[in-house]
Visitor: 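The following block contains the structure, expressed as structure tokens.
Order of the sequence lines fixes the chain letters, A, B, ..., with proteins taken first and strands second; residue numbering starts at 1 for each chain. Since the structure is predicted, the reported quantities are computational estimates derived from the model, not experimental observations. All heavy atoms count here, side chains included; hydrogens, waters and symmetry mates do not.
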There are 2 protein chains.
Amino acid sequence: MTTSPTRMDAPTRREQILKEAARLFAERGFHGVGVDEIGAAVGISGPGLYRHFPGKDAMLAELLVGISERLLAGGRLRVAESDGDPAALLGALVDGHIDFALDDRPLITLHDRELDRLKDEDRKRVRQLQRQYVELWVEAVRALHPAADEPEARAAVHAVFGLLNSTPHLRTPLARPALEHLLRNLAHGALASLAR
Amino acid sequence: MTTSPTRMDAPTRREQILKEAARLFAERGFHGVGVDEIGAAVGISGPGLYRHFPGKDAMLAELLVGISERLLAGGRLRVAESDGDPAALLGALVDGHIDFALDDRPLITLHDRELDRLKDEDRKRVRQLQRQYVELWVEAVRALHPAADEPEARAAVHAVFGLLNSTPHLRTPLARPALEHLLRNLAHGALASLAR
DNA sequence: GCCGTACGTTAACGCTCATTAACCGGACAA
DNA sequence: TTGTCCGGTTAATGAGCGTTAACGTACGGC
């Protein structure tokens, strides 16, 4: 661990690289982007990246592991804050996921698109983090809708992720608050259908 | 046009290739799959594919244009059959999209993942078909929920697509009818939130 | 019996691209 | 002043891969 991810000073070169790499990978796919391009995006050229990362794979790995960890950490925080109120928890999970999806659209895209390009070890780690995050949601959903059995709740959670993660593909004139509001309503509308 | 896509005789070599290419592209991405691999999947080797397609790009193009055309054709058919009943139309659109998503999971994945790999001309064609399909949905949604303005309806339609298209990512023990039922309920639940 | 077409094969070409080598200037501590 | 990281540079390397060349075989029509 070099520096904390939450600061307000200028972004380090490393962070610039990660940010631009995320954007480019999301736009044209991992294999569709060359290291020279990533370098150019931060003002250095090609092999200069190797002063900061052992390879192209490592950038993707760090991005995907990072997203998954932040999602899970955020989810756990909300569980802890919810004090056992299922409705409040699910609301907080939805809001948190929306914030994340709208803040980091490129990362969301990468998250379900480029997982297979990782080395076995990294892929396992990301999958494990994703699984735990889903688990959080499944438990929250089932607490609120006991009528739904486990596989049903799990599929519904995946579907709601698909709904919320649709925003990167979208070029809409809607202002951010309106979009947040809309997504929240859609998500809760979908989940409400589990009540029977 | 060589042969009709709806027959019951053995699939032609061309069709085998398209099917396997779709699967492989969906699994590992367009750039992640080599022509030798596609060839191997149908029992011939690498360059033999060039007897059936002018190049790797052409396979992707035919797949994406094909999906988009079938989706749009299906949508138009349902509009024609709905006789102006908005609720029935939206129900039919949802059911049709679910069928498609569950029948052709690899294609659904490709559809929103590899569009940028196409030559300009093909990409334009696919985008235009997609746009028209979305338009169908937007009109159906607005007919049923006049309270929603146009950008809102459009964003909601994209979100519902995200919801319905989430199934390829999913490995669920749910049987197909149960999954169809669940997705239908989730989609209608989400859309119902537009009623205010 | 002959010929053209359809459909394969393997070998070679050429380009792209990640990675490595070799080199360099500047900041800065001793 | 001198030495040593740090963060760059450009040039070379080497693998992978799409595509083309050159060649072979079965078969259907005439």
Side-chain angles (χ1 to χ4, degrees), chain A residues 1-3 9-64 110 114-123, chain B residues 1-3 9-64 110 114-123:
Chain A
M1 194 172 317
T2 54
T3 59
D9 46 50
T12 162
R13 176 54 45 106
R14 225 185 122 78
E15 290 166 325
Q16 293 178 43
I17 294 172
L18 283 176
K19 185 177 163 199
E20 295 303 306
R23 185 178 55 79
L24 290 167
F25 288 161
E27 278 173 11
R28 299 208 292 287
F30 180 68
H31 291 296
V33 178
V35 290
D36 288 353
E37 238 170 324
I38 303 174
V42 299
I44 72 182
S45 237
L49 295 172
Y50 286 72
R51 298 291 168 196
H52 305 275
F53 294 91
K56 193 185 168 193
D57 297 351
M59 301 178 205
L60 183 63
E62 185 156 333
L63 284 170
L64 292 186
L110 286 186
E114 308 282 2
L115 184 58
D116 321 323
R117 276 52 151 188
L118 260 48
K119 296 194 308 290
D120 271 23
E121 180 198 345
D122 294 321
R123 188 169 54 251
Chain B
M1 193 172 315
T2 53
T3 58
D9 46 50
T12 161
R13 176 52 48 101
R14 226 185 122 78
E15 289 167 325
Q16 292 178 44
I17 294 172
L18 284 175
K19 185 178 163 199
E20 294 303 306
R23 184 179 56 79
L24 290 167
F25 289 160
E27 277 173 12
R28 300 209 291 288
F30 179 68
H31 290 296
V33 179
V35 290
D36 288 354
E37 238 169 325
I38 303 173
V42 298
I44 72 181
S45 233
L49 296 171
Y50 285 72
R51 298 292 170 193
H52 304 273
F53 295 91
K56 192 185 167 193
D57 297 351
M59 301 177 206
L60 183 62
E62 185 156 333
L63 284 171
L64 292 186
L110 287 186
E114 307 283 1
L115 185 59
D116 321 323
R117 276 51 149 187
L118 259 47
K119 296 195 309 290
D120 273 22
E121 180 200 345
D122 293 322
R123 187 170 54 251

Visitor: Let me know the distance between CZ of Arg14(B) and C1' of dG8(C), rounded to the nearest Å.
Guide: 17 Å

Visitor: Under the salt bridge (Lys or Arg N to Asp or Glu O under 4.0 Å) rule, what do Glu27(B) and Arg23(B) come out as? Steps first, then yes or no, please.
Guide: CA-CA 6 Å; Glu27(B) 277 173 12; Arg23(B) 184 179 56 79; 3.4 Å; yes

Visitor: So do Leu110(A) and Phe30(A) actually touch side chain to side chain, heavy atoms under 4.5 Å?
Guide: no

Visitor: Between P on dA6(C) and CG on Leu49(B), what's the gap in Å once rounded to a whole number?
Guide: 18 Å

Visitor: Would you mind reading off the distance between Phe53(B) atom CZ and dA6(C) atom P, rounded to a whole angstrom?
Guide: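 In whole Å, dA6(C) P lies 16 Å from Phe53(B) CZ.
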
Visitor: Counting any heavy atom closer than 4.0 Å, what does Val42(A) reach on the DNA or RNA strands: base, sugar-phosphate only, or nothing?
Guide: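 It contacts nothing in the nucleic acid.
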
Visitor: So Gly46(A), base contact, sugar-phosphate only, or nothing? Heavy-atom distance under 4.0 Å.
Guide: nothing

Visitor: What's Gly34(B) touching, base or sugar-phosphate or nothing? Going by heavy atoms closer than 4.0 Å.
Guide: sugar-phosphate

Visitor: Which comes earlier along DNA chain C counting from the 5' end, the contact point of Pro47(A) or that of Gly32(A), where each point is its nearest nucleotide?
Guide: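 Residue closer to the 5' terminus by nearest nucleotide: Gly32(A).
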
Visitor: Tell me the interatomic distance from Arg51(B), atom CZ, to dT5(C), atom P, rounded to whole angstroms.
Guide: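 For the pair Arg51(B) CZ and dT5(C) P, the rounded distance is 13 Å.
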
Visitor: Send over the distance from Ile44(A) CD1 to dT9(D) C1', rounded to a whole Å.
Guide: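 After rounding, the gap between these two atoms is 10 Å.
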
Visitor: Could you state the NZ-C1' distance from Lys56(A) to dT16(C), rounded to the nearest angstrom?
Guide: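 Atom-to-atom, Lys56(A) to dT16(C), this comes out as 11 Å.
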
Visitor: Atom CG of Leu24(B) to atom P of dC17(D): distance rounded to whole Å?
Guide: 13 Å

Visitor: State, to 0.1 Å, how close Asp122(B) and Ala61(B) come at their nearest heavy-atom pair, and which atoms those are.
Guide: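 Residues Asp122(B) and Ala61(B), closest heavy atoms: OD2-CB, 3.5 Å.
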
Visitor: Determine: side-chain N/O of His31(B) to OP1/OP2 of dC17(C), distance under 4.0 Å, yes or no.
Guide: no

Visitor: Nearest whole Å is fine: how far is dC17(C) C1' from Ile38(A) CD1?
Guide: 12 Å

Visitor: Can you confirm whether Phe53(A) sits close enough to Arg14(A) that some side-chain heavy atom of one is under 4.5 Å from a side-chain heavy atom of the other?
Guide: yes

Visitor: Does dA6(C) have OP1 or OP2 under 4.0 Å away from a side-chain N or O of Arg13(B)?
Guide: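 No, because none of the side-chain N or O atoms of Arg13(B) sits under 4.0 Å from OP1 or OP2 of dA6(C).
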
Visitor: Is there side-chain contact between Met59(A) and Leu49(A), with heavy atoms separated by less than 4.5 Å?
Guide: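 Yes, close enough: below the 4.5 Å cut-off.
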
Visitor: Which nucleotide, dT19(C), dT10(C), dG18(D), lies nearest any side-chain atom of Val35(B)?
Guide: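 The answer is dG18(D), which lies nearest to the side chain.
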
